[in-house]
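Just so we're on the same page: letters track the sequence lines, and every chain starts at 1. The analysis underlying the following values was restricted to heavy atoms, covering all of them including side chains, and did not include hydrogens, waters or symmetry mates. No experiment lies behind these values; they were computed from the predicted model shown.
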Amino acid sequence: MINYKEIKSEELRKEAEELKDKYFLFSIIVVDRINEGKFELNYLFENKENADLINLKTFILRNDPKIDSISDIFPAADYEEREAYDMFGIIFTGHKNLKRILLPEDWPFGYPLRKDFVINDEIRNWTGTDLRW
Amino acid sequence: MNGFEINVGPAHPSTHGVLKFKLTIEGDTIKKAEAEIGFLHRGKEKAAEDVTYMSYLPFVDKIEYVSALNMELLYSSLIEKALNIQISERAKYIRTIMAEFGRIMNHLVFLAAFGEDLGLISEFFWALRERELLMDIIEEISGGRLAPVYIRPGGVFFDFKEGIENKIIEAMEKLEYKIKEVHEYAIIKNSIFKARTKGVGILKKEDAINLGVTGPNARASGINRDYRKLNPYLIYDKLDFKVPVFDEGDAYARCLVRMEEIKESIKIIKEATKNIPKGDYLIKMPWIIKIPPAYTIEIQETPRGEIGMILVSDGSERAYRLKIRSASFFAIKAMEKILEGEKIANFYPILASLDPVMGEIDR
Amino acid sequence: MSIFDIIYKYILSNGFGYLSLPISIILTLIIALIITALVPLFVSGWIERKVAARIQSRRGPIFAGKFGLLQNLFDAIKMLGKEIIRNENADKLFLLPSILYGTVVLLLFLIVPLGNKNLAILNVSDNLLLTFILFSYLGLIAILGGIFSGNKFASISAYREGVKTFAFEGIVLLSIFMIGYRSSFSFQNINSVNIIYYPLIAISFLIGIISMIDRGPLDVTNAEQELIGGWRIEYSGLVYGLPLLGDYSLAFIASMIFSILFLGGAGSGILSFIIFWIKTFIIFFILILLRWLYPRPRIDQLINFSWKYIFPLTILNAIIIWMI
Amino acid sequence: MKEITFEDFSKLEGGFLLTKAKELAHWLIKKGRSKSLWPLTFATSCCGIEMMSFGASKTDPDRAGILFIADSPRYADAIFVSGTITKKMANRLLVLYNQMPNPKYVIAVGACTISGGLYHHSYSVLLGIDKILPVDVYIHGCPPRPEQFLEAGLKLQELIKNDKIERYKGYI
């Protein structure tokens, strides 16, 4: 069974500290609530023995998306946070090497999974280095 | 040599797909390994927001293309959970059989890649020959081979024809014989194979669970966790099957776990095809469906591990946000931790034993 | 009485006088080149591809030629037409190792008696030692190749090759001395079935030869999966063709040598000719099975396997025979 | 030492014997190239898995001389580009293609390599590899069946035999 809990973004590390020994991080789900101008972050934790889940939901502002990282408490969060940064541009303070994980290194067009990211022809025909044969 | 850097590049024959590792080497041991992924990032989660629920099915097959049927099952049960529909008993049986087919085919590709990485090229051909056995049956049932868009929200596309049951059982007998006679000796009981994989790439129990590793890789490190037993979906509660758990945590244990799982899946398929009930296989559903605003989570045990799909729907006929939690995403993270201090020659058995699939990691 | 003597006597008797020596040298060289080209392409290469295909429950080459016989020939022709690419940080003598590899295979074909006593192309006196020297050249050429082609994977394989020579050269040399001590150092007059006296030495000789010609389960240096091609990674076109030619023929030569040394020498006459070829193909079949049925051990396992198990075995067997 | 390019060779006039020899050389090289085609093992996504079962024993490519022996690009003379080529992978694919020795051929496998296929709207997929590579044979299907791979291989061999590939016309 799943129990939801809404917390402020500052209490995230404290909550994560409590869940450290009985739960492991399942995934970080970022939802772009564009009409409220906020990012909704859901931290999904799964119990180590049985299958019940805890979902911590926090909100951060869209224009300065900052939240402190929990990759030192849960090592699994390292890649998830890098992917959230790559797709949404959320900066996790305290993360060791926060850089793009899925997109090419020199990707100039911002963060694709945001709602205001429109795929125009310029993005579609961009091929990075000068590719010729 | 004080740590020169070597790139095991994206197009290396034995990295499973396009996965790049930057290894800094000192003499023959790897000092630091850093994975670089994203070479197959096709923007699936963005595609979910542009395409209606039903026509997202072909995308779902391509997420984890080695066992496509399990991903279809996951997506279909997610949509059904969001609309809280109950599918018919017969469709549940058919879905379990197809999911177990996906699991066997996945582990056969694992054996093929594992054998070839360690130099036994014939194992590649034997394992894929067995896989062709199953491909013919899936083609007969669903019409497709690798990505048969067969399981859909509301049931399955086509019904099982009459003669198909004993064809399945006969194929399972043949497969069981082949596994015991050919693959047991070629892989498990082969002394050079044991020497290459025993005690190599040990993933300790607490490391595995902290890094979020689930599925066969976790069960090989002593974590007794099978989502089909923890939270049984479909008809897994009616079936009795054993969950193989080893606690050495090395490449050999990961191979043993998968070999046992093939045998368990064969048992499940036989039992399920014997007492498959009559009934309709599909609930009438419109093609364009609108899901009321909700936050639904669906996790299932795929051959890779526990893959989760989280759907945030806002009432329109397109998903507002679909998150796919991939299992080998964390296996690659665990691999970086395992590789410190290992030899270069062990890089390939470890990578082959963790069995990552790039489509699922890069989404 | 080797092929060279036969030709020389025949030409001398036809009255070419002083010209006959260069003519017969050219003729024997042509024959040797034909054999070096034909045997790997049609005999050993074709058998290996077909038997390996059968092991993997498939059919092997069919479309080219009668039973796929010409397939290797077409491969060779295709390689003639390929461009030879030179890596910019590769050494000037970039092509030397592969040419040396081809000459070693040619020299081996010159020495080994093809069938019975007087069918060897050249009758060198102590040709058993010469074959060992040529086999140990292969290791050195691989090291050269690894260093000259400025590629990281090639340098790793050169380092592995260097390490590997420690493992098996000593053992093969010891077993050759045992044979020489027992019967003789030249192929022509070994006629006792030595495997009865040296069963363990025969096994260690076979394993040593397999690892020296880099074949079968012990191809640690040019492991396709790990090092993509070992020291040959930078070679393309014909320059890669010669090492590949070597791959196909060296196993055949090794099985010929093994059947001469341990399963009774190469007698003269038709009957011993047939028996010789039957023995050779049996050993060659065992080599093919070994290659396609066993994975590849790691380099350090290979070496401590050879020093911990094979070396004491050979010494034990040598002492037993020496005492009797 | 000036490198002889194939233009000089074809401009070489000569008596009857030379043209006869040139024809023979042409015929022999084309026959050899058409009968043995060593593809590079390059597999990214789902078409790669179908390429694995193409290489396996059911549709055995070794019958037609298509041998998956070429792991390093130096030995390969054809490349089955199978699987989606994303923008991050595109220049690696080009580096691989440039490392292959000359007469090299490209076979685009699957809808993703022909035109971006399922991901034509995606931001990170290269829409069709003929934007960066000269493609000789296209295989449709997503993923195509192993028999289609074999048919493409035989079609390419036939093209080589009848010298239909523009950029290598008369290439010796």
Trainee: Which bit of B:R42 is near chain D, if near means a heavy-atom gap under 4.5 Å: side chain, backbone, both or neither?
Mentor: both
Trainee: Is the NZ atom of D:K31 crowded by more than 12 outside heavy atoms at less than 6.0 Å?
Mentor: yes
Trainee: Using every non-hydrogen atom in the two residues, find where B:G38 and D:T86 come nearest and quote the distance to one decimal.
Mentor: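 Scanning both residues completely, I find the closest heavy atoms to be O-OG1, 4.4 Å.
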Trainee: Does the pair D:S53 and B:R145 meet the rule for a side-chain contact (heavy atoms from CB on, under 4.5 Å), with working shown?
Mentor: CA-CA 11 Å; D:S53 44; B:R145 264 176 65 91; 3.6 Å; yes
Trainee: Would you find more than 12 non-hydrogen atoms of other residues, nucleotides or ligands less than 6.0 Å from D:E151 atom CD?
Mentor: no
Trainee: Please assess B:K20 against D:K88 for the test side-chain contact (heavy atoms from CB on, under 4.5 Å), listing each intermediate value before the final yes or no.
Mentor: CA-CA 12 Å; B:K20 183 178 171 196; D:K88 200 171 182 180; over 6 Å; no
Trainee: Between D:L118 and B:K62, which heavy-atom pair has the shortest distance, and what is it?
Mentor: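 Looking at all heavy atoms of both residues, the shortest contact is CD2-CG, 3.9 Å.
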Trainee: Hey, what do you get for CZ (D:R145) to CE (B:M135), rounding to the nearest 0.5 Å?
Mentor: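 That separation rounds to 9.5 Å.
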Trainee: If you round to the nearest 0.5 Å, how far is CG of D:L93 from CZ of B:F39?
Mentor: 12.5 Å
Trainee: At a 4.5 Å cut-off on heavy atoms, which part of D:C112 comes close to chain B: side chain, backbone, both, or neither?
Mentor: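 For D:C112, there is no contact with chain B at all, as no heavy atom is under 4.5 Å.
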Trainee: Is any side-chain heavy atom of D:T44 less than 4.5 Å from a side-chain heavy atom of B:M358?
Mentor: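 Side-chain contact under 4.5 Å: no.
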Trainee: Can you find a heavy atom in the side chain of D:M52 that is under 4.5 Å from one in the side chain of B:L128?
Mentor: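 Yes, their side chains come closer than 4.5 Å.
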Trainee: Just checking B:K22: does its NZ atom have more than 12 heavy atoms from other residues, nucleotides or ligands closer to it than 6.0 angstrom?
Mentor: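 For B:K22, atom NZ is crowded (more than 12 foreign heavy atoms under 6.0 Å).
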Trainee: If you count heavy-atom pairs within less than 4.5 Å of chain B, which of D:A56, D:S122, D:S45 leads?
Mentor: D:S45
Trainee: Are the charged groups of D:K58 and B:D136 less than 4.0 angstrom apart, N to O?
Mentor: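 Judged by the 4.0 Å cut-off on N to carboxylate O distance, D:K58 and B:D136 do form a salt bridge.
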Trainee: Contact between D:C46 and B:L146 at the side-chain level, heavy atoms closer than 4.5 Å - yes or no?
Mentor: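 D:C46 reaches B:L146 side chain to side chain.
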Trainee: The test is ring pair (Phe, Tyr, Trp, His ring centres under 6.0 Å); show your working for B:H41 and D:Y119 and say whether it passes.
Mentor: CA-CA 11 Å; B:H41 175 61; D:Y119 312 103; over 10 Å; no
Trainee: Working to the nearest 0.5 angstrom, can you tell me the gap between B:F124 CZ and D:S57 OG?
Mentor: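 Here the interatomic distance stands at 9.0 Å.
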Trainee: So what's closer than 4.5 Å to chain D heavy atoms on B:D362: side chain, backbone, both or neither?
Mentor: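 Neither part, no heavy atoms under 4.5 Å.
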Trainee: Taking all atoms of both residues into account, what is the closest heavy-atom pair of D:S124 and B:G43, and its distance?
Mentor: OG-N, 4.3 Å
Trainee: Between D:H121 and B:K46, is any pair of side-chain heavy atoms under 4.5 Å apart?
Mentor: no
Trainee: Minimum heavy-atom separation for D:I49 and B:R131, please, with both atom names.
Mentor: CG2-NH2, 3.6 Å
Trainee: Relative to chain D, which segment of B:E360 carries a heavy atom at a distance below 4.5 Å: side chain, backbone, both, or neither?
Mentor: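 When you check distances to chain D, no heavy atom of B:E360 falls under 4.5 Å.
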